[in-house]
Amino acid sequence: MFAVIKTGGRQYRVVPNDVLEIGKIAGDVGTIVQLGEVLVLGGDTPVLGTPTVAGASVAAEVLQHKRGPKVIAFKKRRRKNSRRKRGYRDELTVLRITEILADNAKPTVGPRPKKEKVAAPAEGEDAAPKAAKKKASAKAPAAKKAPAKKAAAKSEKK
């Protein structure tokens with residue numbers, strides 16, 4: 001099953017477990033948000049909205065808020081000594097689609113649990129192999145000698 005949603009003036013075709021970047025929306029990281037403007041519900045019997053499908057929504061988990069790439073707007077009027085440089089970065093929200101809902105249903109899937117970091121091994125374990133992996137430092141390269149031509153020229157001047 002898929003859906004076509006509209007948010008931030010753009011339309012996206014989504015299926016469950018899709019990850020997408022949209023314009024910034026309200027919601028803390030790790031929470032579930034509902035996107036209500038569903039234009040099409042696809043599947044065995046697609047449903048087209050006029051303009052939206054009544055009672056349909058898409059549930060998504062907020063993964064992070066970030067900023068997009070820098071966009072530079074540079075304007076120049078030649079021979080007029082006139083230049084203007086402006087730049088900006090879009091505010092984005094990264095979402096993971098959890099489920100597609102119809103008939104005013106509420107989300108059943110909650111946010112995914114965060115992965116726990118693996119603890120470092122104890123001091124006695126695996127300490128010896130790490131020490132064995134270290135290599136002896138290489139010898140420093142010898143200092144360069146002056147070329148023979150320069151040395152001969154110096155001796156002739158004296």
Side-chain angles (χ1 to χ4, degrees), residues 1-121 130 133-147 149-150 153:
M1 178 179 237
F2 72 91
V4 176
I5 61 171
K6 180 181 176 185
T7 179
R10 296 182 180 179
Q11 297 177 7
Y12 302 92
R13 181 187 184 275
V14 296
V15 295
N17 292 324
D18 267 359
V19 176
L20 63 135
E21 292 179 353
I22 63 171
K24 188 169 184 176
I25 59 173
D28 294 329
V29 174
T31 60
I32 299 292
V33 294
Q34 274 190 286
L35 305 170
E37 284 192 86
V38 178
L39 305 175
V40 176
L41 273 180
D44 296 336
T45 58
V47 179
L48 300 175
T50 55
T52 60
V53 178
S57 64
V58 172
E61 177 187 0
V62 177
L63 298 179
Q64 80 180 90
H65 295 291
K66 67 178 194 174
R67 298 178 77 194
K70 185 179 285 189
V71 178
I72 296 173
F74 183 77
K75 312 256 178 160
K76 180 177 177 172
R77 293 166 195 90
R78 60 188 187 154
R79 299 184 303 273
K80 306 275 191 270
N81 195 23
S82 172
R83 293 185 293 181
R84 185 177 72 193
K85 181 178 177 182
R86 297 181 62 194
Y88 70 94
R89 295 176 69 182
D90 283 331
E91 299 288 332
L92 301 174
T93 299
V94 180
L95 297 176
R96 176 184 290 122
I97 305 300
T98 56
E99 55 188 333
I100 298 171
L101 307 166
D103 301 328
N104 294 323
K106 299 291 180 193
T108 58
V109 179
R112 292 186 180 184
K114 292 184 178 180
K115 294 181 181 178
E116 294 182 18
K117 293 182 180 179
V118 178
K130 288 182 182 177
K133 289 180 182 179
K134 288 185 179 179
K135 296 180 181 179
S137 61
K139 292 181 180 178
K144 293 183 180 180
K145 296 180 180 177
K149 292 180 182 178
K150 288 184 180 178

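Heads up: numbering here begins at 1 and tracks the sequence.
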query: For the side chain of Thr31 and the backbone of Asp28, is there at least one donor-acceptor N/O pair under 3.5 Å apart?
result: yes
- line: One should read off an interatomic distance between Leu39 CG and Leu48 CG, to the nearest 0.5 angstrom, of 10.0 Å
task: Can you measure from CG (Asp18) to OH (Tyr12) and round to the nearest 0.5 angstrom?
output: 12.5 Å
message: Before you tell me yes or no, could you show the steps for Val14 and Val4 under side chain to side chain contact (heavy atoms under 4.5 Å, CB included), namely the whole-Å CA-CA distance, both residues' side-chain angles and the distance that decides it to 0.1 Å?
response: CA-CA 6 Å; Val14 296; Val4 176; over 6 Å; no
field: side-chain hydrogen bond (donor to acceptor under 3.5 Å, both in side chains) involving Glu37 - partner list, sequence neighbours excluded
entry: none
- request: Apply side chain to side chain contact (heavy atoms under 4.5 Å, CB included) to Ile25 and Leu95, showing your working.
  value: CA-CA 10 Å; Ile25 59 173; Leu95 297 176; 4.2 Å; yes
statement: To the nearest 0.5 Å, atom CG of Leu20 lies from atom CZ of Arg13 at 12.5 Å
Pairs of donor and acceptor atoms involving the side chains of residues 62-75, under 3.5 Å and at least two apart or interchain, shall be tabulated with distances.
| unit_1 | atom_1 | unit_2 | atom_2 | d |
| --- | --- | --- | --- | --- |
| His65 | ND1 | Thr93 | OG1 | 3.1 |
| His65 | NE2 | Gly27 | O | 2.7 |
| Lys66 | NZ | Glu21 | OE2 | 2.6 |
| Arg67 | NE | Glu91 | OE2 | 3.4 |

Review item, side-chain donor-acceptor pairs of residues 96-111, under 3.5 Å, at least two apart:
| unit_1 | atom_1 | unit_2 | atom_2 | d |
| --- | --- | --- | --- | --- |
| Thr98 | OG1 | Ala59 | O | 3.0 |
| Glu99 | OE1 | Thr108 | OG1 | 3.1 |
| Glu99 | OE2 | Thr108 | N | 2.6 |
| Glu99 | OE2 | Thr108 | OG1 | 3.4 |
| Glu99 | OE2 | Val109 | N | 3.0 |

field: Non-hydrogen atoms of Gln34 and Ser57 that approach each other most closely
entry: NE2-OG, 3.0 Å
